[in-house]
Amino acid sequence: MSGAYDESMIDVSSDSFWEVSNYKRTVKRVEDGSRLCTDLMNCLHERARIEKAYAQQLTEWGKRWRQLTEKGPQYGTLERAWSALCTEAEKVSELHMEVKAALMGEDYEKLKNWQRDSYHKQMIGGFKETKEAEDGFRKAQKPWAKKLKEVETMKKAYHNACKEEKLAASRETNSKLENSNPEAQKKLQEKVEKCQQEAQKTKERYEKSLEELNKLTPQYMENMEQVFEQWQQFEDKRIRFFREVLLEVKQHLDLSANHRFQTIYHTLEDTISATDAEEDLKWFRSNHGPGMPMNWPQFENLDWSNHRSSKRWSIVDCSMDLNRTLSRREKKKPEGVTLTGISPAGSDQPAQPAKTSSSLTVPTYNAPAGSNPFEDDEDEEPEETAMEQQTSVNHTDAIKEEIKTVSSTEKTQDWADEDTGGNPFSTNGNGNPFEEEPASPVTSVPVRALYDYEGQEQDELSFKAGDEFTKIGEEDDQGWCKGRLKDGQEGLYPANYVEPIQ
């Protein structure tokens with residue numbers, strides 16, 4: 001037998017680069033380079049969003065805790081150390097915003113421009129570089145692929161001839177065993193010889209074709225190497241560029257190498273280390289403890305010149321003070337005169353109440369000349385000098401004129417000058433001079449605080465921005481209103497610190 005069929009000769013297609021069309025993976029790598037550029041840009045964009053969100057959270061955290069610290073009970077150097085944490089957050093937030101700007105303004109844009117310059121899209125789809133790689137490999141492989149196809153054809157023909165030869169030899173052997181007709185055996189023998197000749201011919205053609213293919217292989221390999229090396233260089237540029245970009249990204253992200261970042265934490269450490277317990281305790285002692293100055297009580301004369309300077313000193317307060325001072329005299333001296341005309345000592349003429357809209361009627365008594373109606377009984381002395389007499393009358397006249405002026409300016413309601421219940425100070429039916437006048441109609445308007453306010457006096461309200469309470473009094477000429485909090489506390493507050501609730 002000139003040739004024998006061997007199943008081991010059946011070629012199993014490999015995954016080698018040299019196989020026909022296996023260069024497509026290299027071509028795909030060109031297209032993948034553009035996709036990797038897009039992926040890296042998306043990666044940087046997401047990191048930039050994270051940096052921005054983190055910076056915003058740091059800023060909000062720092063502002064909120066700075067306000068809480070400033071309004072809280074902490075004080076002194078420890079308060080500064082606490083606030084330094086908020087300052088650190090704000091400074092670090094600025095650095096992270098710069099990182100975000102660098103990622104998007106430098107790294108992202110650099111990638112985008114390189115991708116645009118390196119990969120050119122075609123109108124029909126795909127990239128120009130991909131098509132160039134495909135055409136280059138196809139051209140380099142075409143002669144060898146054509147000869148390979150011919151070899152595959154010769155191999156197939158040879159294998160088929162071997163099968164025919166083996167089949168004919170098997171039939172001839174069976175015919176001899178069966179003692180068949182000699183003519184039939186002769187035909188089978190001729191068939192075997194013919195198949196042997198065909199197999200020999202196909203083998204020679206197959207070997208010749210394979211020899212020619214082997215002659216083309218070196219040139220094929222050289223051409224493929226050239227094309228492959230061309231796109232290796234293209235990929236080398238991409239890898240080097242990506243490495244450069246990633247190093248720049250690292251520099252932008254590495255805040256530890258930033259001198260400003262180091263300064264932030266050096267400053268924070270110095271501020272915290274500067275916390276001094278003794279200094280804080282000394283400060284608290286001086287500002288809220290025994291070290292505070294004190295205006296100890298001293299003897300003071302009544303000063304009428306400043307009675308209108310305070311918003312809480314009204315005509316009612318003034319008259320109530322006069323009532324309290326003079327009512328003790330009234331019990332012993334039922335006779336009374338108005339301040340508009342004080343009778344001299346020893347006068348028999350009864351006092352007549354004046355009824356005017358701008359004057360105030362108060363009870364008085366017939367006191368000896370020189371007596372002071374504003375002093376207590378136990379402080380009285382029967383004998384006074386002539387100078388003290390004159391001073392007393394002048395003082396009383398001054399009080400009268402002052403009360404007239406206050407009453408006219410403030411435009412308070414008329415005081416009743418009829419003698420009700422035997423008391424000229426009475427403003428109600430039961431004759432009690434200490435009861436207040438009937439209150440004017442009370443307003444009740446819900447309001448909302450626009451700002452924080454801390455009451456400075458006992459009769460002032462304290463509230464926070466956003467608190468809601470009730471306005472129960474109209475605004476006075478100094479800009480104050482009266483209100484009631486939800487817990488029932490009533491007091492004054494600045495009118496321009498609130499707005500009515502619609």
Side-chain angles (χ1 to χ4, degrees), residues 56-76 78-80 82-83 85-86 89-90 280 283-289 292 294-295 306-321 323-324 406 409-413 427-430 432-502:
Q56 291 175 342
Q57 290 177 355
L58 278 179
T59 301
E60 293 173 0
W61 177 85
K63 289 183 179 179
R64 182 166 64 90
W65 277 102
R66 185 183 297 280
Q67 293 176 354
L68 293 175
T69 304
E70 291 175 352
K71 295 180 180 179
Q74 187 58 61
Y75 57 90
L78 187 57
E79 180 185 0
R80 290 196 292 271
W82 196 334
S83 298
L85 290 177
C86 303
E90 294 170 356
D280 287 359
W283 178 89
F284 191 87
R285 179 183 180 85
S286 299
N287 290 271
H288 300 288
M292 293 181 65
M294 173 62 181
N295 186 17
N306 296 326
H307 76 284
R308 295 174 59 194
S309 62
S310 173
K311 65 181 181 296
R312 291 172 297 279
W313 185 269
S314 63
I315 184 62
V316 176
D317 299 324
C318 178
S319 64
M320 291 299 293
D321 288 340
N323 288 342
R324 295 189 187 102
V406 173
T409 304
E410 302 294 338
K411 296 183 180 180
T412 60
Q413 65 179 10
T427 57
N428 48 42
N430 57 13
N432 188 345
F434 299 103
E435 293 185 358
E436 297 181 355
E437 297 177 352
S440 59
V442 179
T443 60
S444 181
V445 179
V447 294
R448 181 185 295 109
L450 297 174
Y451 317 99
D452 295 350
Y453 181 73
E454 186 72 23
Q456 304 299 318
E457 302 292 343
Q458 293 183 354
D459 62 345
E460 294 181 8
L461 299 179
S462 297
F463 47 79
K464 301 292 184 182
D467 290 354
E468 298 182 1
F469 53 94
T470 305
K471 170 184 174 184
I472 59 174
E474 295 297 336
E475 179 180 354
D476 60 17
D477 56 353
Q478 295 185 7
W480 293 83
C481 284
K482 189 173 183 180
R484 182 190 302 112
L485 300 180
K486 293 183 178 180
D487 60 2
Q489 180 185 355
E490 295 185 0
L492 300 172
Y493 65 89
N496 58 353
Y497 271 55
V498 301
E499 63 177 357
I501 300 177
Q502 300 297 332

S.K.: How long is the span from the OH atom in Y497 to the CG atom in D467, to the nearest 0.5 Å?
M.R.: 14.5 Å
S.K.: Locate the shortest heavy-atom distance separating Y453 from L461; write the atom from each residue and the value.
M.R.: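 Shortest heavy-atom separation between Y453 and L461 comes out as CD2-O, 3.2 Å.
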S.K.: Does S444 offer a backbone N or O that forms a donor-acceptor pair with the side chain of T470 under 3.5 Å?
M.R.: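 No: the side chain of T470 does not pair with the backbone of S444.
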S.K.: Counting C-beta onward and ignoring hydrogens, is there a side-chain heavy-atom pair between E468 and I501 closer than 4.5 Å?
M.R.: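 Heavy-atom side-chain distance check passes, below 4.5 Å.
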S.K.: If you count every heavy atom of other residues, nucleotides or ligands that lies below 6.0 Å from N295 atom CG, does the total exceed 12?
M.R.: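 Counting other residues, nucleotides and ligands, CG of N295 stays at 12 neighbours or fewer.
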S.K.: Assess the residue pair Y75 and D280 against the criterion (side chain to side chain contact (heavy atoms under 4.5 Å, CB included)); give the C-alpha distance rounded to whole Å, side-chain angles, the decisive distance to 0.1 Å, and a yes or no.
M.R.: CA-CA 7 Å; Y75 57 90; D280 287 359; 3.9 Å; yes
S.K.: Kindly check if the number of other-residue, nucleotide or ligand heavy atoms within 6.0 Å of NZ (K482) is above 12?
M.R.: no
S.K.: State the CD-NZ distance between Q67 and K71, to the nearest 0.5 angstrom.
M.R.: 5.5 Å
S.K.: How close do G466 and R448 get, heavy atom to heavy atom, and via which atoms?
M.R.: O-CG, 3.9 Å
S.K.: Please report the closest heavy-atom contact between Q74 and E79, naming both atoms and the distance.
M.R.: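 Of all heavy-atom pairs spanning Q74 and E79, the closest is O-OE1, 3.3 Å.
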S.K.: What distance separates C481 SG from D476 CG, expressed to the nearest 0.5 Å?
M.R.: 7.0 Å
S.K.: Measure from the ring center of F463 to the ring center of F469 and say whether it is less than 6.0 Å.
M.R.: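 Yes, they do, as the ring centres are separated by less than 6.0 Å.
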S.K.: How long is the span from the CD atom in E475 to the OH atom in Y493, to the nearest 0.5 Å?
M.R.: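 Here the interatomic distance stands at 8.5 Å.
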S.K.: Between G62 and A89, which heavy-atom pair has the shortest distance, and what is it?
M.R.: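 Smallest interatomic distance, heavy atoms only, reads CA-CB, 4.5 Å.
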S.K.: When you measure from the side chain of D459 to the backbone of G491, do you find a donor-acceptor pair of N or O atoms at a distance under 3.5 Å?
M.R.: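 Flag not set: sc D459 to bb G491 has no pair under 3.5 Å.
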S.K.: Determine whether W65 and L85 make a side-chain contact, defined as any pair of heavy atoms from C-beta on separated by less than 4.5 Å.
M.R.: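 A side-chain contact is absent here, since even the closest heavy-atom pair is not under 4.5 Å.
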S.K.: For E454, does its backbone N or O pair with a side-chain atom of Q456 as donor and acceptor, under 3.5 Å?
M.R.: yes
S.K.: Distance check, rounded to the nearest 0.5 Å: E90 atom CD versus L58 atom CG?
M.R.: 10.0 Å
S.K.: What do the steps show when you test V498 against K471 for side chain to side chain contact (heavy atoms under 4.5 Å, CB included), and what is the final call?
M.R.: CA-CA 10 Å; V498 301; K471 170 184 174 184; over 6 Å; no
S.K.: Identify the heavy atoms of G455 and S462 that sit nearest to each other, and give their distance.
M.R.: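 Nearest pair, atom of G455 first, then S462: N-OG, 2.7 Å.
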S.K.: How close do W480 and L492 get, heavy atom to heavy atom, and via which atoms?
M.R.: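 Distance-wise, the nearest heavy atoms are CE3-CB, 3.9 Å.
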